[in-house]
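Encoded as structure tokens, the structure appears first; notes follow it.
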Amino acid sequence: MSESLTIGALAKAAGVNVETVRFYQRRGLLAEPAKPVGGIRRYGLADAQRVSFIKRAQRLGFTRDEIAALLSLEDGSHCAQAKAVAAGKPAAVRERMAQLRQMERALEQLVQQCDAGPPRVRCPLISSLQKAQGASS
């Protein structure tokens, strides 16, 4: 397949929207092809694969800089460097999961407070969140 995809077709092939493609271009993760005089830019299958790679890497928690680093190693002969970029991700995921579990417990406690005791003038959930907001300001 030659360079035959419009930006809309590229976005569809990669499972993203056009603004995502433009965002990746602005961030330097995807090259913007030259625009022929009076024509429209065309992308190829490699561009669609690159956009898909970026999206998958984002879902795995890689930052823009980490994705750029991985893309610079994309010829497949730099496994040690790619491993170094990814090495800290499992620990970061575990930490985020612990934070999410803590958030879940806090929310469950707040919801339970809504059902506890007689009717109140103020909602305990809203009141608790307002107190927390004042403490962090």
Side-chain angles (χ1 to χ4, degrees):
M1 169 197 246
S2 63
E3 308 294 306
S4 62
L5 300 172
T6 63
I7 193 168
L10 167 69
K12 185 175 182 179
V16 300
N17 63 47
V18 170
E19 287 307 312
T20 300
V21 173
R22 290 188 178 123
F23 177 79
Y24 293 164
Q25 289 172 331
R26 286 191 303 271
R27 297 294 182 249
L29 297 173
L30 178 69
E32 186 173 13
K35 183 176 180 182
V37 177
I40 57 174
R41 289 181 175 87
R42 297 292 179 168
Y43 300 84
L45 181 58
D47 296 311
Q49 291 169 338
R50 187 176 183 99
V51 171
S52 294
F53 174 92
I54 295 166
K55 200 66 187 164
R56 282 191 303 273
Q58 284 179 323
R59 281 194 288 265
L60 289 173
F62 288 97
T63 67
R64 182 179 58 85
D65 289 341
E66 291 167 334
I67 293 169
L70 289 171
L71 287 169
S72 73
L73 305 170
E74 69 182 328
D75 69 1
S77 64
H78 299 90
C79 286
Q81 292 97 324
K83 179 182 176 183
V85 172
K89 285 299 166 193
V93 168
R94 284 190 294 276
E95 182 176 328
R96 181 69 178 139
M97 288 172 60
Q99 292 170 348
L100 288 170
R101 282 190 294 274
Q102 185 177 13
M103 289 169 54
E104 177 187 32
R105 286 190 297 273
L107 287 167
E108 286 174 345
Q109 289 173 353
L110 289 172
V111 168
Q112 288 175 358
Q113 288 177 11
C114 290
D115 295 331
R120 299 184 173 106
V121 176
R122 293 194 52 138
C123 172
L125 188 143
I126 302 286
S127 179
S128 176
L129 291 173
Q130 286 172 335
K131 287 177 191 172
Q133 181 183 22
S136 66
S137 298

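Hydrogens, waters and symmetry mates play no part in the numbers below; they use all other heavy atoms, side chains included. Keep in mind it's a predicted model, so treat the numbers as computed, not measured.
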_My understanding is that only residues two or more places apart in sequence, or in another chain, count here; which of them pass side-chain contact (heavy atoms from CB on, under 4.5 Å) with Arg56?_
Ser52, Phe53, Arg59

*Say whether Leu10 and Leu71 are linked into one hydrophobic cluster, either directly or through other cluster members, by side-chain heavy-atom distances under 4.5 angstrom.*
yes

*Which value, rounded to the nearest 0.5 Å, describes the distance between Arg41 atom CZ and Gln25 atom CD?*
7.5 Å

For residues 79-87, run the donor-acceptor check on the side chains, cut-off 3.5 Å, and write out each pair with its distance to 0.1 Å, sequence neighbours left out.
none

*In the hydrophobic clustering that connects Ile, Leu, Val, Met, Phe, Trp and Tyr at side-chain heavy-atom distances below 4.5 Å, which members other than Met97 occupy its cluster, ordered by chain and number?*
Val93

*asked:* Set out, in order, the CA-CA distance, both residues' side-chain angles and the distance that settles side-chain contact (heavy atoms from CB on, under 4.5 Å) for Ile40 and Ile7, then state yes or no.
replied: CA-CA 9 Å; Ile40 57 174; Ile7 193 168; over 6 Å; no

*Are Leu60 and Leu29 connected, step by step, through hydrophobic side chains (Ile, Leu, Val, Met, Phe, Trp, Tyr) whose heavy atoms are closer than 4.5 Å?*
yes

*Closest contact, heavy atoms only, Ala69 versus Ser72*: O-OG, 2.6 Å

*salt bridge (Lys or Arg N to Asp or Glu O under 4.0 Å) partners for Arg42, two or more places apart*: none

Which atom pairs, donor and acceptor, lie under 3.5 Å between side-chain atoms of residues 102-111 and protein residues at least two apart or in another chain?
none

*Do Leu30 and Leu73 belong together in a cluster built from hydrophobic side chains that touch within less than 4.5 Å?*
no

*Going only through I, L, V, M, F, W and Y residues with side-chain contacts under 4.5 Å, is there a path from Phe23 to Phe62?*
yes

_Listed partners of Arg27 passing salt bridge (Lys or Arg N to Asp or Glu O under 4.0 Å), at least two apart_ = none

*For Glu66 and Thr63, which heavy atoms make the closest approach, and how far apart are they?*
OE1-N, 2.8 Å

*Evaluate the side-chain contact (heavy atoms from CB on, under 4.5 Å) criterion for residues Ile54 and Arg50: first the C-alpha distance (whole Å), next the side-chain angles of each, then the deciding distance (0.1 Å), finally the verdict.*
CA-CA 6 Å; Ile54 295 166; Arg50 187 176 183 99; 4.2 Å; yes

_So for atom NZ, which belongs to Lys12, do other residues, nucleotides or ligands contribute more than 12 heavy atoms lying within a distance under 6.0 Å?_
no

*asked:* Quick check: closest heavy atoms across Gly8 and Val18, and the distance to 0.1 Å?
replied: CA-CG2, 3.8 Å

